[in-house]
Number of protein chains: 2
Amino acid sequence: MSRTAPTVALKQSETPTRKGLHNGQIYEEMFAAILEQRLAPGTKLSEDTLGEIFGVSRTVIRAVLQRLAHERIVQIHPNRGAFVSEPSPAEAHEVLQARRLIEAGIVREAIRKQMPSDMETLRQSVAAERESLEQGDHESWVRLSGNFHLKLAAIAKNRTLVAYVKELVSRTSLIIVQYQKGNVSPCSCDEHTQIIKAIEARDEEKAVELMMAHLKACEDQLNLQNDEEKADLFSIFAKPGGRADKKRRAV
Amino acid sequence: MSRTAPTVALKQSETPTRKGLHNGQIYEEMFAAILEQRLAPGTKLSEDTLGEIFGVSRTVIRAVLQRLAHERIVQIHPNRGAFVSEPSPAEAHEVLQARRLIEAGIVREAIRKQMPSDMETLRQSVAAERESLEQGDHESWVRLSGNFHLKLAAIAKNRTLVAYVKELVSRTSLIIVQYQKGNVSPCSCDEHTQIIKAIEARDEEKAVELMMAHLKACEDQLNLQNDEEKADLFSIFAKPGGRADKKRRAV
DNA sequence: TTAATTAATTTTGTATACAATATTTTTTAC
DNA sequence: GTAAAAAATATTGTATACAAAATTAATTAA
């Protein structure tokens, strides 16, 4: 944690002040900036700086930061400021588990409420995914991949559930940025396609199974074992006795 | 909607100012006041008045109201102010549907992760419910009944899911206040007891079935058909032609 | 030079002031 | 007396000012 947080750099091309931006617009811009990785996890979000950038006072920036904090994309440390969230491995597991639970239910609901146009929308979404993957545009792929899950959630026609899925997908993006090991496996598009097919076939058990496996695979592609980061440092450098040596100063 | 919103009356015994309250404490007090029906749905939450009551400036009241708004317990109309939410029938259905989806999943997870102490906690929760029901304390019953679902969610050991269930339970309380027809059926405690038994027996399908039926019964006890309130007024008073008459002024 | 302490600066938390919008009351016309 | 228009009032939205806390820089001692 000793690395210094990078300063906020929302848009390099930005003129110092851009007046007239409303609360919601500023939220959208910051939300996009975080998910598109222009603002990396851990970045400090200074109220003054952001106020200058958007040409508004700290008052309105504060409201936006609180909204982002409620959505878990930003973390507020009292008296210290707001930072782009750095989800812990435990939190990452929690988010993926919540997604399996909720999206399994959404798949069931989608099977009941599906319309042909919904399925067409989903197929187009996967097509866009595949294109971004072929072009090697990793950033677009993360966004479009999440988009598929949002479109699927929308079929359930439940604004509350859509809001929850949106939140979970956003958090997943932050998690991927932090913990994805190597390149993403290109089979993800195919998994989405298979889910669509199972929904169309109204095969509930199979569709649920595919969705759970898909999200589990997503989690398995992450590096989530470094909860003991500091302990590892000790085990790497320490003499026999390991982290217990931490307390002993002499020797 | 022509009925005037009642003014805020948080605690009759309250002295005009009570200094030193922190952000989170004010949130807790307002949250409790709304769920305990001391603040009825539709009540206007004036920033000045609340600031006076809690002995803080509008700045901090504003933050609390925004937090409550994000949790859907309060609704903010731009330039008009904050009001205790009055969920529409459509929203009520949405909330109960989301609960069925999420709590069905929670039941499955609880079956996997249950510990003996968890089950004991649940049984105690139901005991408290039954007591409040026997004493005819309806307000306590609403709170304790929601509490059972929260305790159940906690077994899944997932803070995100607990937060979602907490939000949904709160919204359900507001919904019950608005739409519950007659007295609550006293079988609700028994339904909770049955769910506990099914979880202990690790009978996943039965436990899920019971939870879904329980929440469906809860929804069925509500009066949710008055989405056409205004239209009804017209059909009640109007001459043949019904609501189409609305536009015509003469005659 | 390093470590600890102190001072200076920066940044957040809260109150207040003013502008913009709603609401209420009063006035005016029919 | 009722309805519309205008003025007055009250309330929200935003900017700014000041206090409290944290961070950074400077100073001092070992």
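Every chain is numbered from 1, with letters handed out A, B, ... down the list of sequences.
The side chain of B/Ser57 lies closest to C/dT14, out of D/dT12, D/dA15, C/dT14. You'll find that the side chain of B/Lys44 is closest to D/dT11, out of C/dA15, D/dT11, D/dT14. Between D/dA17, D/dT12, D/dT14, one nucleotide has an atom nearer to the side chain of A/Arg58 than all others, and that is D/dA17.
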side-chain contact (heavy atoms from CB on, under 4.5 Å) between B/Gln221 and B/Gln180, worked out: CA-CA 6 Å; B/Gln221 283 186 5; B/Gln180 186 99 47; 3.0 Å; yes
The test is side-chain contact (heavy atoms from CB on, under 4.5 Å); show your working for B/Leu68 and B/Leu45 and say whether it passes. CA-CA 11 Å; B/Leu68 290 165; B/Leu45 301 170; 5.6 Å; no
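Spacing between atom CD of A/Gln66 and atom C1' of C/dT12 amounts to 12 Å, rounded to whole angstrom units. In this structure, CD of B/Glu47 is placed 14 Å from C1' of C/dT14, rounded to the nearest angstrom. Regarding B/Glu52, its CD atom lies at a distance of 15 Å from the C1' atom of C/dT16, rounded to whole Å. Rounded to a whole Å, the CG atom of A/Asp48 is 18 Å from the P atom of D/dA22. C/dA15 atom P lies 14 Å from atom CZ of B/Phe54, rounded to whole Å. One interatomic measurement links the two molecules: CG of B/Asn79 to C1' of C/dA19, which rounds to 12 Å at whole-angstrom precision. Going from atom CD1 of A/Ile61 over to atom C1' of D/dT16 covers 15 Å, rounded to whole Å. In this structure, CD1 of A/Ile76 is placed 16 Å from P of D/dA22, rounded to the nearest angstrom.
Heavy-atom distances to DNA chain C give each of A/Thr59 and A/Arg80 a nearest nucleotide, and the one nearer the 5′ end belongs to A/Arg80.
No donor-acceptor contact under 3.5 angstrom links the side chains of B/Arg72 and A/Thr160, judged on distance only.
Rounded to the nearest 0.5 angstrom, B/Glu219 CD and B/Leu222 CG are separated by 7.0 Å.
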